[in-house]
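Notes for the one structure printed next.
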Amino acid sequence: MSVRVRYAPSPTGLQHIGGVRTALFNYFFARSQGGKFILRVEDTDQTRYSDESLQDLYDTFEWLGIKWDEGPDVGGDFGPYVQSERFDLYREYADKLLESGHAYRCYCTAERLEEMRASQKKATGYDRRCRDLSPDEEKKLAAELEEKGLKPVIRFKIPLDGATSFHDEIMGDIKRKNKDINPDPVILKGDGFPTYHLANVVDDHYMQITHILRAQEWIPSGPLHVLLYQAFGWEPPKYCHLPMVMGKDGQKLSKRHGSTSVREFRKEGYLPEALINYVSLIGWSYDDSREFFTIKELEELFTLDKLNKAPGVFDYKKLAWFNGQYIRNTEDAELKKQLIPFLVEADVIADPPTDEEQKVIDNFMELVKPRLKTLGEIGSLVKFLFKDVEPEDPEIAVPKKLDIAKTVEVLSAGRDLVASLKENSIEDVENSFRSKSEELEVKLGDMMGPLRVGVTGSNVSPPLLESCELIGIDESLRRIDRLIAALKSRL
RNA sequence: GUCUCCUUCGUCUAGUGGUUAGGACACCGGGUUUUCAUCCCGGCAACAGGGGUUCGACUCCCCUAGGAGAUGCCA
């Protein structure tokens, strides 16, 4: 039987790193096996559902360049692929469980459950009050509940003794005593919607899912799901519980660790290829040294047996490093295209860019490439090329070993050399700088430094002479003169 | 509390009885360089602890410790 796997997110929040990695592993596994990758939207929680989350799901995967073979938007033979549209199916199967004696109606209200929990010394779960009701008791409780305008829920009967086990492709055999399983979980809620457990099992069966690759946080409900399959008389799929993605403190990755949604990373200027590459390496490896993989390569090389058991910590710095590598390997034309929105966003260029701006962008590409870790850094890096910038304090131009007077002298000499850029090459002018700095008995850096501040407004910038050419020599001179004047006034 | 799972450098990992325990990020040094980056070179740094099994354990078994997850009419 050919492989069929699914990613089954719940549209209750933005797509985050953990979920996306699960999707990716499913996708890579499907591709490597020549199988199908399916998207199923699990929108059974009406209270937490949001349209924005659903939209974010589509936006995220479109941006990542990951496509599913079957799903709500592309169709398929096993639809509908949205659980709220499969409503009747779950009711039907809950009823079947009722008939076969594997489930029962529970008339406990939220209030009673709360009281019950409060009175429990240890959290032992539902007390199974409604599990073995006599017909009379049941009638009475049903009437009471109806009076309050509420509907009963359906709970699954967990066997009181024995044990349930399943095989996990990564973890090996996992066994759990039935008495340790959450006592009689709700499978159909009061609002008629199924809970995750029921919907998941029914859908995975009907969609002929062969392998379930999901996060390890689901391990504890594995036995429950197996019991459900057994109750229906179905063959459970193969399980493969993926190691989780943690924050630096070892807790589940969350907002307080930094960005977690793909949307945020996108906004900060991470490239989808870099994100995918990095995220794939948390909990999975290919061999002892290779770590650069295109999406295509991952589609071929991914294997379950290289998956790790232990959870992995998300390392923002390594992601940034990957991103820098990917930026440097991007063609200029392509990078430019990606950079423009960030320049617009930073209010550095017009939207759309003018011809003049286009030219500047073309020309700074090589200068900027090795300096970027994220696309979002472009604004502050090249702002001075488009806008007049002044140092917040002219004295940051004064090198440690020089005083203001000497700085002015050096600046004036440098100014003339910058002016000579009009007729000489950068190389020639650079040589002139060398001899001039010797003559003035200052280090080359101390000569360039003040000019840099004058032209770029900062002590850190792309190469100075190239920058001057990009801005225009006259404009550069104007800025330098302005700095000289500002420093002179402080003498 | 209970249950389940996990445990190699700070981090991601390679390793499946015999290795100087390898790579990458980070960090630290050095080189290139007009600053910052890039790039190159070098360094620091790990088998959680204790018992076994074995001629020999990072590798197999047991215990302890630590960590995580689950324990919902959320997924």
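Computed over heavy atoms, backbone and side chain alike; hydrogens, waters and symmetry mates excluded. Numbers restart at 1 for each chain; the letters A, B, ... are given by sequence-line order, proteins then strands.
- Residue A:P370 has its side chain nearest to B:A37 when only B:C6, B:A37, B:C3 are considered.
- Closest approach of A:T407 and A:L487 over heavy atoms only: CG2-CD1, 4.0 Å.
- Regarding contacts with the backbone of B:C12, every side-chain N or O of A:K318 stays at 4.0 angstrom or more from both OP1 and OP2.
- Salt bridge present: A:D203 and A:R86 bring a charged side-chain N and a carboxylate O closer than 4.0 Å.
- No salt bridge links A:K157 with A:D184; every basic N to acidic carboxylate O contact stays at or beyond 4.0 Å.
- Only the C1' atoms considered, B:A46 is 29 Å distant from B:C39, to the nearest whole Å.
- Counting to the nearest Å, the P atom of B:A26 and the CG atom of A:D315 are 8 Å from each other.
- Summarising the geometry of A:Y126 relative to A:C106, their closest heavy-atom pair is OH-SG, 3.2 Å, with the distance given to 0.1 Å.
- Listed nucleotides B:U34, B:A37, B:A14 differ in distance to A:R371; the shortest reach to its side chain belongs to B:A37.
- When distances run from any side-chain atom of A:V313 to the nucleotides B:U11, B:U34, B:C5, the shortest one goes to B:U11.
- The existence of a salt bridge linking A:K306 and A:D287 is excluded, since no basic side-chain nitrogen approaches an acidic carboxylate oxygen closer than 4.0 Å.
- Rounded to the nearest Å, the gap between the C1' atom of B:A21 and that of B:C61 is 23 Å.
- B:U16 and B:U20 have their P atoms separated by 14 Å, given to the nearest Å.
- Residue A:Y196 places its side chain closer to B:A75 than to any other of B:C3, B:A75, B:U11.
- Between A:R176 atom CZ and B:U2 atom P there is a gap of 14 Å when expressed in whole angstrom units.
- For B:C3, neither phosphate oxygen OP1 nor OP2 lies less than 4.0 angstrom from any side-chain nitrogen or oxygen of A:N182.
- Checking B:U2, B:G1, B:U34 against the side-chain heavy atoms of A:D180 singles out B:U2 as nearest.
- Contacts between residues 322-331 of chain A and RNA chain B, counted as heavy-atom distances below 4.0 Å, involve A:Q325, A:R328.
- On the C1' atoms, B:G51 is 37 Å away from B:G43, given to the nearest whole Å.
- Between A:K306 and the phosphate of B:G15, there is a side-chain N or O to OP1/OP2 separation shorter than 4.0 Å.
- A:R290 has no side-chain polar atom (N or O) that falls below the 4.0 Å cut-off from OP1 or OP2 of B:G23.
- Nearest to the side-chain atoms of A:W321 among the listed nucleotides B:G1, B:U34, B:A24 stands B:A24.
- Comparing B:U7, B:G23, B:G1 against the side chain of A:S289 picks out B:G23 as the nearest.
- Between A:T12 and B:A75 there is no side-chain N or O to OP1 or OP2 distance below 4.0 Å.
- Between A:W218 and A:H197, the angle of the ring planes goes over 60°, which puts this pair in the perpendicular group of the 30/60° scheme.
- Note: CG (A:L242) to P (B:C5) measures 17 Å, nearest angstrom.
- We find that A:E291 and A:K318 are joined by a salt bridge, their nearest charged nitrogen and carboxylate oxygen being less than 4.0 Å apart.
- Contact between the side-chain N/O atoms of A:K252 and the OP1/OP2 oxygens of B:A70 is found at a separation under 4.0 Å.
- The distance from atom CD of A:Q251 to atom C1' of B:G67 is 9 Å, rounded to the nearest whole Å.
- Along RNA chain B, the nucleotide closest to A:L465 and the one closest to A:Y278 are compared, and the more 5′ of them pairs with A:Y278.
- Distance check on atom P: B:A57 versus B:G50 gives 14 Å, rounded to whole Å.
- In this model, the phosphate group of B:A37 is not approached by any side-chain N or O of A:K369 to a distance below 4.0 Å at OP1 or OP2.
- Residue A:T44 has a polar side-chain atom (N or O) positioned under 4.0 Å from OP1 or OP2 of B:A75.
- In this structure, A:D43 atom CG and B:C74 atom P are separated by 13 Å, rounded to whole Å.
- Formation of a donor-acceptor pair under 3.5 Å by the A:Q251 side chain with backbone atoms of A:G247 is not found in this model.
- The same atom, C1', is picked in B:A14 and in B:U19; the two are 12 Å apart, to the nearest Å.
- One atom, OH of A:Y239, and another, P of B:C5, lie 16 Å apart when rounded to the nearest Å.
- The base-pairing partner of B:G43, taking Watson-Crick or G-U wobble contacts with both distances under 3.5 Å, is B:C27.
- For A:K248, whose side chain is taken as the heavy atoms from C-beta onward, the closest listed nucleotide among B:C3, B:C74, B:G10 is B:G10.
- Distances shown here put every side-chain N or O of A:R48 at or beyond 4.0 Å from the OP1 or OP2 atom of B:A75.
- Among the nucleotides B:C3, B:U38, B:G69, the one closest to the side chain of A:E217 is B:G69.
- Taking atom NZ of residue A:K373 and atom P of nucleotide B:U38, one finds them 5 Å apart after rounding to whole Å.
- Comparing atom distances between the A:N308 side chain and each of B:A14, B:U34, B:A68 picks out B:A14 as nearest.
- Classification of A:K96 and A:E92 as a salt-bridged pair holds, one side-chain N sitting under 4.0 Å from a carboxylate O.
- Taking the C1' atoms as reference points, B:U59 lies 10 Å from B:C47, given to the whole Å.
- Residue order along RNA chain B, read from the 5' end via each residue's closest nucleotide, puts A:I174 first among A:I174 and A:V460.
- Note that CG of A:D315 and CH2 of A:W321 are 11.5 Å apart. Values are rounded to the nearest 0.5 Å.
- Atoms NZ (A:K309) and P (B:G15) sit 13 Å apart, rounded to a whole Å.
- For the C1' atoms, the distance linking B:G10 with B:A45 amounts to 9 Å, nearest Å.
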